[in-house]
Amino acid sequence: MYNIIMLGIQGSGKGTQAELLSSRLGIPAVSTGNLFRAEIERRTGLGLEIAKYVEAGELIPPAIVDQAISERIAEDDALRGFILDGYPRNIGQAESLTKILEDAGRVLTDVVFIRISDEEAMRRLSGRRVCSNKKCEASYHVEFNPPQKDPNKCDRCGNDLMQRDDDTVDTIKHRLEVYHSETAPLIEFYRRAGVLREVEGEQSIINVETAIVAAIGI
Ligand code: AP5
Ligand code: MG
(Lines give C-alpha, C1' and ligand atoms only; values in the text may rest on other atoms or scores of the structure.)
(Ligands and ions follow the chains in the order given, each with its own letter.)
Protein backbone atom coordinates (compact mmCIF):
# COMPACT_ATOMS: atom_id res chain seq x y z
CA MET A 1 0.00 0.00 0.00
CA TYR A 2 1.25 3.47 -0.88
CA ASN A 3 0.36 6.47 1.32
CA ILE A 4 2.34 9.26 -0.30
CA ILE A 5 2.93 12.99 0.20
CA MET A 6 4.14 15.20 -2.68
CA LEU A 7 6.37 17.95 -1.29
CA GLY A 8 7.99 20.85 -3.13
CA ILE A 9 7.78 24.53 -3.85
CA GLN A 10 4.85 25.95 -5.81
CA GLY A 11 5.34 25.00 -9.46
CA SER A 12 7.65 22.06 -8.71
CA GLY A 13 5.14 19.75 -10.38
CA LYS A 14 3.39 18.22 -7.37
CA GLY A 15 0.00 18.32 -9.11
CA THR A 16 1.39 17.16 -12.46
CA GLN A 17 3.24 14.20 -10.93
CA ALA A 18 0.49 13.32 -8.43
CA GLU A 19 -1.89 12.78 -11.37
CA LEU A 20 0.63 10.57 -13.18
CA LEU A 21 1.25 8.50 -10.03
CA SER A 22 -2.49 8.26 -9.43
CA SER A 23 -3.02 6.65 -12.87
CA ARG A 24 -0.06 4.35 -12.37
CA LEU A 25 -1.03 3.17 -8.87
CA GLY A 26 -4.84 3.37 -9.13
CA ILE A 27 -5.15 5.45 -5.97
CA PRO A 28 -6.52 9.02 -5.73
CA ALA A 29 -4.46 12.20 -5.89
CA VAL A 30 -5.84 14.47 -3.19
CA SER A 31 -5.00 18.13 -3.82
CA THR A 32 -6.01 20.50 -1.02
CA GLY A 33 -5.74 23.38 -3.51
CA ASN A 34 -8.28 21.66 -5.82
CA LEU A 35 -10.59 20.82 -2.90
CA PHE A 36 -10.57 24.44 -1.77
CA ARG A 37 -11.01 25.90 -5.27
CA ALA A 38 -14.05 23.62 -5.73
CA GLU A 39 -15.47 24.90 -2.43
CA ILE A 40 -14.92 28.51 -3.56
CA GLU A 41 -16.67 27.75 -6.86
CA ARG A 42 -19.72 26.44 -4.98
CA ARG A 43 -19.99 29.84 -3.23
CA THR A 44 -20.75 28.32 0.15
CA GLY A 45 -20.09 30.29 3.37
CA LEU A 46 -16.95 28.20 3.85
CA GLY A 47 -15.96 28.90 0.22
CA LEU A 48 -16.18 32.67 0.72
CA GLU A 49 -14.05 32.41 3.86
CA ILE A 50 -11.44 30.27 2.06
CA ALA A 51 -11.31 32.58 -1.00
CA LYS A 52 -9.81 35.41 1.06
CA TYR A 53 -6.77 33.29 1.93
CA VAL A 54 -6.24 31.70 -1.48
CA GLU A 55 -6.40 35.02 -3.37
CA ALA A 56 -3.83 36.52 -0.99
CA GLY A 57 -1.54 33.47 -1.28
CA GLU A 58 -1.90 32.83 2.47
CA LEU A 59 -2.40 29.49 4.17
CA ILE A 60 -5.95 28.54 5.15
CA PRO A 61 -6.45 28.08 8.94
CA PRO A 62 -5.53 24.61 10.26
CA ALA A 63 -8.97 23.62 11.56
CA ILE A 64 -10.46 23.86 8.04
CA VAL A 65 -7.55 22.09 6.36
CA ASP A 66 -7.13 19.21 8.79
CA GLN A 67 -10.82 18.40 8.74
CA ALA A 68 -10.97 18.44 4.93
CA ILE A 69 -8.05 15.98 4.76
CA SER A 70 -9.22 13.62 7.45
CA GLU A 71 -12.63 13.33 5.76
CA ARG A 72 -11.18 12.92 2.27
CA ILE A 73 -8.72 10.14 3.09
CA ALA A 74 -11.44 8.21 4.93
CA GLU A 75 -13.48 7.96 1.69
CA ASP A 76 -13.70 4.52 0.07
CA ASP A 77 -11.39 5.19 -2.87
CA ALA A 78 -8.59 6.38 -0.56
CA LEU A 79 -8.64 3.34 1.71
CA ARG A 80 -6.31 1.50 -0.70
CA GLY A 81 -3.83 4.38 -0.57
CA PHE A 82 -3.55 8.08 -1.40
CA ILE A 83 -1.27 10.74 -2.82
CA LEU A 84 -1.45 14.04 -0.95
CA ASP A 85 -0.63 17.16 -2.97
CA GLY A 86 -0.37 20.46 -1.09
CA TYR A 87 -0.78 18.98 2.39
CA PRO A 88 0.87 19.09 4.87
CA ARG A 89 2.30 22.58 4.40
CA ASN A 90 3.83 23.30 7.79
CA ILE A 91 4.97 21.43 10.87
CA GLY A 92 1.59 21.89 12.59
CA GLN A 93 -0.20 20.19 9.68
CA ALA A 94 2.42 17.42 9.57
CA GLU A 95 1.79 16.72 13.26
CA SER A 96 -1.97 16.71 12.65
CA LEU A 97 -1.51 14.25 9.78
CA THR A 98 0.57 11.94 11.97
CA LYS A 99 -2.30 11.91 14.46
CA ILE A 100 -4.99 11.42 11.77
CA LEU A 101 -3.07 8.43 10.33
CA GLU A 102 -2.31 6.94 13.75
CA ASP A 103 -5.99 7.12 14.73
CA ALA A 104 -6.88 5.33 11.48
CA GLY A 105 -4.15 2.70 11.95
CA ARG A 106 -2.38 3.79 8.76
CA VAL A 107 1.24 4.68 7.98
CA LEU A 108 2.91 7.16 5.69
CA THR A 109 5.09 5.25 3.21
CA ASP A 110 6.85 7.96 1.12
CA VAL A 111 7.35 11.72 0.98
CA VAL A 112 8.42 12.68 -2.54
CA PHE A 113 10.35 15.96 -2.46
CA ILE A 114 10.63 17.52 -5.94
CA ARG A 115 13.47 20.05 -5.95
CA ILE A 116 13.49 23.15 -8.24
CA SER A 117 14.82 26.72 -7.90
CA ASP A 118 12.67 29.79 -7.19
CA GLU A 119 13.47 31.16 -10.67
CA GLU A 120 12.15 27.99 -12.31
CA ALA A 121 9.05 28.10 -10.05
CA MET A 122 8.31 31.65 -11.22
CA ARG A 123 8.69 30.66 -14.91
CA ARG A 124 6.39 27.68 -14.53
CA LEU A 125 3.63 29.40 -12.55
CA SER A 126 3.46 32.47 -14.73
CA GLY A 127 3.03 30.24 -17.84
CA ARG A 128 0.67 27.75 -16.24
CA ARG A 129 -2.84 27.24 -17.63
CA VAL A 130 -5.41 25.03 -15.92
CA CYS A 131 -8.62 23.45 -17.10
CA SER A 132 -11.60 25.61 -16.07
CA ASN A 133 -13.62 22.47 -15.27
CA LYS A 134 -13.21 22.19 -11.49
CA LYS A 135 -13.69 18.42 -11.65
CA CYS A 136 -10.70 18.14 -13.99
CA GLU A 137 -8.21 20.96 -13.26
CA ALA A 138 -5.60 19.41 -15.56
CA SER A 139 -2.48 21.57 -15.56
CA TYR A 140 -0.61 22.78 -18.69
CA HIS A 141 2.17 25.21 -19.50
CA VAL A 142 2.11 27.50 -22.53
CA GLU A 143 5.68 26.58 -23.38
CA PHE A 144 6.75 23.45 -21.44
CA ASN A 145 3.55 21.39 -21.56
CA PRO A 146 1.01 22.79 -24.05
CA PRO A 147 -2.20 20.90 -24.84
CA GLN A 148 -1.79 18.66 -27.89
CA LYS A 149 -5.14 19.26 -29.63
CA ASP A 150 -6.16 22.94 -29.27
CA PRO A 151 -3.96 25.55 -27.50
CA ASN A 152 -6.95 26.90 -25.51
CA LYS A 153 -8.76 23.67 -24.63
CA CYS A 154 -8.13 20.85 -22.20
CA ASP A 155 -6.93 17.62 -23.88
CA ARG A 156 -8.68 15.54 -21.26
CA CYS A 157 -12.19 17.04 -21.15
CA GLY A 158 -12.33 19.73 -23.88
CA ASN A 159 -13.16 22.64 -21.54
CA ASP A 160 -11.50 26.07 -21.84
CA LEU A 161 -8.14 26.67 -20.22
CA MET A 162 -7.66 29.58 -17.81
CA GLN A 163 -5.03 31.19 -15.62
CA ARG A 164 -5.40 30.62 -11.88
CA ASP A 165 -6.32 33.74 -9.84
CA ASP A 166 -3.25 33.27 -7.64
CA ASP A 167 -0.81 32.89 -10.57
CA THR A 168 -0.05 36.64 -10.78
CA VAL A 169 3.53 37.81 -10.24
CA ASP A 170 2.92 39.47 -6.83
CA THR A 171 0.89 36.57 -5.41
CA ILE A 172 3.42 34.04 -6.73
CA LYS A 173 6.24 35.94 -4.95
CA HIS A 174 4.30 35.87 -1.70
CA ARG A 175 3.46 32.16 -2.04
CA LEU A 176 7.16 31.38 -2.54
CA GLU A 177 8.00 33.32 0.66
CA VAL A 178 5.34 31.39 2.57
CA TYR A 179 6.83 28.17 1.20
CA HIS A 180 10.33 29.00 2.47
CA SER A 181 9.19 30.04 5.94
CA GLU A 182 6.40 27.50 6.55
CA THR A 183 6.78 24.49 4.26
CA ALA A 184 10.54 23.99 3.69
CA PRO A 185 11.12 22.82 7.33
CA LEU A 186 9.11 19.71 6.41
CA ILE A 187 12.03 18.47 4.31
CA GLU A 188 14.15 17.91 7.45
CA PHE A 189 11.12 16.71 9.42
CA TYR A 190 10.48 13.86 6.97
CA ARG A 191 14.17 13.18 6.32
CA ARG A 192 14.56 12.48 10.03
CA ALA A 193 11.50 10.20 9.87
CA GLY A 194 13.29 8.19 7.14
CA VAL A 195 10.59 8.56 4.48
CA LEU A 196 11.98 11.39 2.32
CA ARG A 197 12.59 10.52 -1.37
CA GLU A 198 14.33 13.42 -3.06
CA VAL A 199 14.17 13.92 -6.86
CA GLU A 200 15.58 16.52 -9.23
CA GLY A 201 12.62 18.51 -10.59
CA GLU A 202 14.39 20.53 -13.27
CA GLN A 203 14.09 17.93 -16.01
CA SER A 204 11.28 16.93 -18.36
CA ILE A 205 7.95 15.82 -16.88
CA ILE A 206 8.57 12.25 -18.05
CA ASN A 207 12.06 12.16 -16.56
CA VAL A 208 10.78 13.49 -13.23
CA GLU A 209 8.17 10.73 -13.31
CA THR A 210 10.84 8.09 -13.98
CA ALA A 211 12.93 9.45 -11.09
CA ILE A 212 9.94 9.31 -8.73
CA VAL A 213 9.05 5.76 -9.71
CA ALA A 214 12.65 4.70 -9.02
CA ALA A 215 12.82 6.63 -5.74
CA ILE A 216 9.64 5.04 -4.40
CA GLY A 217 10.58 1.62 -5.77
CA ILE A 218 7.34 0.94 -7.66
P1 AP5 B 1 -2.21 24.72 -4.37
O2 AP5 B 1 -3.26 24.54 -5.38
O3 AP5 B 1 -1.66 23.54 -3.69
O4 AP5 B 1 -1.09 25.57 -5.06
P5 AP5 B 1 0.46 25.73 -4.75
O6 AP5 B 1 0.91 25.23 -3.44
O7 AP5 B 1 0.70 27.15 -5.01
O8 AP5 B 1 1.16 24.73 -5.72
P9 AP5 B 1 0.99 24.71 -7.26
O10 AP5 B 1 -0.29 24.04 -7.65
O11 AP5 B 1 1.20 26.12 -7.74
O12 AP5 B 1 2.26 23.86 -7.71
P13 AP5 B 1 2.40 22.38 -8.27
O14 AP5 B 1 3.66 21.86 -7.64
O15 AP5 B 1 1.17 21.55 -8.11
O16 AP5 B 1 2.69 22.64 -9.81
P17 AP5 B 1 2.06 22.03 -11.18
O18 AP5 B 1 2.14 20.54 -11.22
O19 AP5 B 1 0.74 22.65 -11.46
O20 AP5 B 1 -2.73 25.73 -3.22
C21 AP5 B 1 -3.36 26.96 -3.55
C22 AP5 B 1 -3.73 27.71 -2.29
O23 AP5 B 1 -4.67 26.92 -1.50
C24 AP5 B 1 -2.59 28.02 -1.32
O25 AP5 B 1 -1.89 29.18 -1.66
C26 AP5 B 1 -3.38 28.16 0.00
O27 AP5 B 1 -4.04 29.41 0.09
C28 AP5 B 1 -4.43 27.08 -0.11
N29 AP5 B 1 -3.98 25.79 0.44
C30 AP5 B 1 -3.76 24.64 -0.25
N31 AP5 B 1 -3.34 23.66 0.57
C32 AP5 B 1 -3.29 24.20 1.81
C33 AP5 B 1 -2.91 23.70 3.09
N34 AP5 B 1 -2.50 22.43 3.23
N35 AP5 B 1 -2.96 24.53 4.15
C36 AP5 B 1 -3.37 25.81 4.03
N37 AP5 B 1 -3.74 26.36 2.85
C38 AP5 B 1 -3.69 25.56 1.75
O39 AP5 B 1 3.13 22.59 -12.21
C40 AP5 B 1 3.29 23.98 -12.41
C41 AP5 B 1 3.50 24.32 -13.89
O42 AP5 B 1 4.74 23.79 -14.33
C43 AP5 B 1 2.44 23.76 -14.83
O44 AP5 B 1 2.21 24.71 -15.82
C45 AP5 B 1 3.07 22.46 -15.39
O46 AP5 B 1 2.58 22.15 -16.67
C47 AP5 B 1 4.54 22.86 -15.42
N48 AP5 B 1 5.46 21.74 -15.16
C49 AP5 B 1 5.30 20.75 -14.23
N50 AP5 B 1 6.37 19.89 -14.26
C51 AP5 B 1 7.22 20.41 -15.20
C52 AP5 B 1 8.52 20.01 -15.71
N53 AP5 B 1 9.14 18.90 -15.25
N54 AP5 B 1 9.10 20.77 -16.67
C55 AP5 B 1 8.47 21.88 -17.16
N56 AP5 B 1 7.26 22.30 -16.73
C57 AP5 B 1 6.64 21.58 -15.77
MG1 MG C 1 -0.86 22.08 -7.69
Side-chain angles (χ1 to χ4, degrees), residues 5-22 29-40 47 49-70 72 83-94 96-97 100 112-131 134 137-148 154-155 161-168 171-180 182-184 186 199-212:
I5 292 173
M6 306 302 290
L7 186 62
I9 200 165
Q10 286 76 1
S12 55
K14 300 182 297 293
T16 303
Q17 296 296 335
E19 289 300 332
L20 293 170
L21 269 184
S22 168
V30 175
S31 155
T32 38
N34 288 0
L35 289 177
F36 297 142
R37 281 185 290 276
E39 192 68 35
I40 293 170
E49 166 81 12
I50 287 173
K52 290 189 289 193
Y53 296 95
V54 174
E55 277 160 24
E58 298 285 355
L59 295 187
I60 293 162
I64 300 176
V65 182
D66 294 338
Q67 191 186 344
I69 283 292
S70 90
R72 180 63 188 89
I83 304 158
L84 295 180
D85 159 19
Y87 179 92
R89 254 180 220 255
N90 57 27
I91 298 285
Q93 292 185 7
S96 297
L97 178 64
I100 292 168
V112 176
F113 168 45
I114 310 176
R115 197 182 42 236
I116 66 165
S117 66
D118 283 27
E119 294 72 32
E120 178 70 8
M122 181 56 87
R123 268 194 294 279
R124 290 192 189 173
L125 296 181
S126 44
R128 172 165 59 188
R129 296 293 178 272
V130 293
C131 177
K134 290 287 173 262
E137 275 222 0
S139 183
Y140 300 90
H141 190 282
V142 287
E143 191 184 337
F144 309 136
N145 181 28
Q148 300 299 306
C154 178
D155 283 340
L161 299 186
M162 53 169 260
Q163 196 158 16
R164 256 170 57 174
D165 290 342
D166 58 349
D167 279 347
T168 59
T171 312
I172 294 171
K173 276 192 191 142
H174 184 59
R175 283 158 59 206
L176 300 186
E177 284 164 14
V178 172
Y179 171 82
H180 286 295
E182 296 261 341
T183 311
L186 291 179
V199 300
E200 171 54 52
E202 290 197 30
Q203 45 181 343
S204 68
I205 291 174
I206 177 115
N207 286 351
V208 175
E209 186 189 9
T210 305
I212 292 174

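We count ligands from 1, going down the list as the structure has it; atoms in each ligand are counted the same way.
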Atom 31 (N) of ligand 1: closest protein heavy atom, distance to 0.1 Å, is Thr32 OG1, 2.8 Å
Is Gln203 close enough to touch ligand 1? Criterion: a residue heavy atom under 4.0 Å from a ligand atom.
yes
Minimum side-chain heavy-atom gap Met122-Lys173 below 4.5 Å
yes
Ligand-side contact atoms (ligand 1) for residue partner Asn145, heavy atom cut-off under 4.0 Å:
46 (O)
Any non-hydrogen side-chain atom of Ile205 less than 4.5 Å from a side-chain atom of Phe144?
no
Of Val54, Ile60, Ile50, the one whose closest heavy atom lies nearest atom 22 (C) of ligand 1 is Val54
Between Glu120 and Arg123, which heavy-atom pair has the shortest distance, and what is it?
OE1-NH2, 2.8 Å
Atom 52 (C) of ligand 1: of Arg123, Lys14, Arg124, the nearest heavy atom sits on Arg124
If I apply the N/O under 3.5 Å rule, does Asn34 come out as touching ligand 1?
no
Arg175, Gln10, Arg89: member with heavy atom nearest to atom 1 (P) of ligand 1:
Arg89
How far is atom 2 (O) of ligand 1 from its nearest protein heavy atom, and which residue and atom name does that atom have?
Arg37 NH1, 2.9 Å
Kindly give the heavy-atom pair with the smallest separation between Gln203 and Ala211, and that separation in Å.
NE2-CB, 4.1 Å
Give the atom numbers and elements of ligand 1 that come within less than 4.0 Å of a heavy atom of Tyr140.
43 (C), 44 (O), 46 (O)
Just to check, does Glu202 reach to within less than 4.0 Å of ligand 1 when the distance is taken from its heavy atoms?
no
Return the minimal non-hydrogen interatomic distance between Glu19 and Ala29, and the atom names on each side.
OE2-CB, 4.0 Å
Under-4.0 Å heavy-atom contact with ligand 1, by part of Leu125 that carries it:
side chain
Numbering as shown, the atoms of ligand 1 that approach Tyr87 to under 4.0 Å (heavy-atom distance)
34 (N)
Test side chain to side chain contact (heavy atoms under 4.5 Å, CB included) on Glu58 and His174 and set out the steps.
CA-CA 8 Å; Glu58 298 285 355; His174 184 59; 3.0 Å; yes
Using a 4.0 Å cutoff against the non-hydrogen atoms of Val65, which atoms of ligand 1 qualify?
33 (C), 34 (N), 35 (N), 36 (C)
Among all protein heavy atoms, pick the one closest to atom 55 (C) of ligand 1 and tell me residue, atom and distance.
Phe144 CB, 3.5 Å
Can an N or O of Arg164 be found at a distance shorter than 3.5 Å from an N or O of ligand 1?
yes
I'd like to check whether Gly57 has a polar contact with ligand 1, where a contact means an N/O of the residue lying under 3.5 Å from an N/O of the ligand.
no
How far is atom 35 (N) of ligand 1 from the closest protein heavy atom, and which atom is that?
Gln93 NE2, 2.8 Å
When you look at Gln93 and Ile69, which way does the side chain to side chain contact (heavy atoms under 4.5 Å, CB included) test go after all the steps?
CA-CA 10 Å; Gln93 292 185 7; Ile69 283 292; over 6 Å; no
Minimal non-hydrogen separation, Gln17 against Met6, with atom names:
CB-CE, 3.8 Å
Phe36 versus Ala68, closest heavy-atom pair with distance
CE2-CB, 4.2 Å
Would you say the side-chain atoms of Tyr87 pair up with the backbone N or O of Val30, donor to acceptor, closer than 3.5 Å?
no
Output yes when the distance from some N or O of ligand 1 to some N or O of Asp166 is under 3.5 Å, and no in every other case.
no
What part of Pro88, side chain, backbone, both or neither, has a heavy atom within less than 4.0 angstrom of ligand 1?
neither
Would Glu120 count as being in polar contact with ligand 1, using the rule that some N or O on each side must be under 3.5 angstrom apart?
no
Check contact between Gly11 and ligand 1, using heavy atoms of the residue and a distance below 4.0 angstrom.
yes
Please state which protein non-hydrogen atom is closest to atom 9 (P) of ligand 1 and give its distance, to 0.1 Å?
Arg128 NH1, 3.3 Å
Would you mind reporting whether Leu59 and Val65 have side-chain heavy atoms less than 4.5 Å apart?
no
Contact check, side chains of Arg129 and Gln163, non-hydrogen atoms, under 4.5 Å
yes
Evaluation steps, side chain to side chain contact (heavy atoms under 4.5 Å, CB included), between Asp85 and Asn34
CA-CA 9 Å; Asp85 159 19; Asn34 288 0; 5.8 Å; no
For atom 15 (O) of ligand 1, find the nearest protein heavy atom and state the residue, atom name and distance (0.1 Å precision).
Gly15 N, 2.9 Å
Closest contact, heavy atoms only, Ile5 versus Pro88
CD1-CD, 3.5 Å
Per-residue contact class, Leu59 against ligand 1 - non-hydrogen pairs under 4.0 Å:
both
Can you name the atoms of ligand 1, numbered from 1 with element, that are less than 4.0 Å from a heavy atom of His141?
44 (O), 46 (O)
heavy-atom search around atom 27 (O) of ligand 1 in the protein gives Glu58 O, 2.6 Å
Gly127, any N or O under 3.5 Å of ligand 1 N or O
no
Can you find a pair of side-chain heavy atoms, one from Phe113 and one from Ser12, that are under 4.5 Å apart?
no
Rounded to the nearest 0.5 Å, what separation is found between the CE atom of Met162 and the CZ atom of Arg128?
10.0 Å
Answer whether the closest heavy-atom distance between the side chains of Arg175 and Asp166 falls below 4.5 Å.
yes
Apply side chain to side chain contact (heavy atoms under 4.5 Å, CB included) to residues Thr183 and Leu7 and explain how you reach the verdict.
CA-CA 9 Å; Thr183 311; Leu7 186 62; 4.0 Å; yes
Who's the nearest protein heavy-atom neighbour of atom 18 (O) of ligand 1, and how far?
Thr16 OG1, 2.6 Å
Looking at Gly201, Gly86, Ser96, Ala138, the heavy atom closest to atom 34 (N) of ligand 1 belongs to Gly86
Does Met6 approach ligand 1 within less than 4.0 angstrom via side chain, backbone, both or neither, non-hydrogen atoms only?
neither
Look only at interatomic distance and state if Ser139 has a nitrogen or oxygen under 3.5 Å from any nitrogen or oxygen of ligand 1.
yes
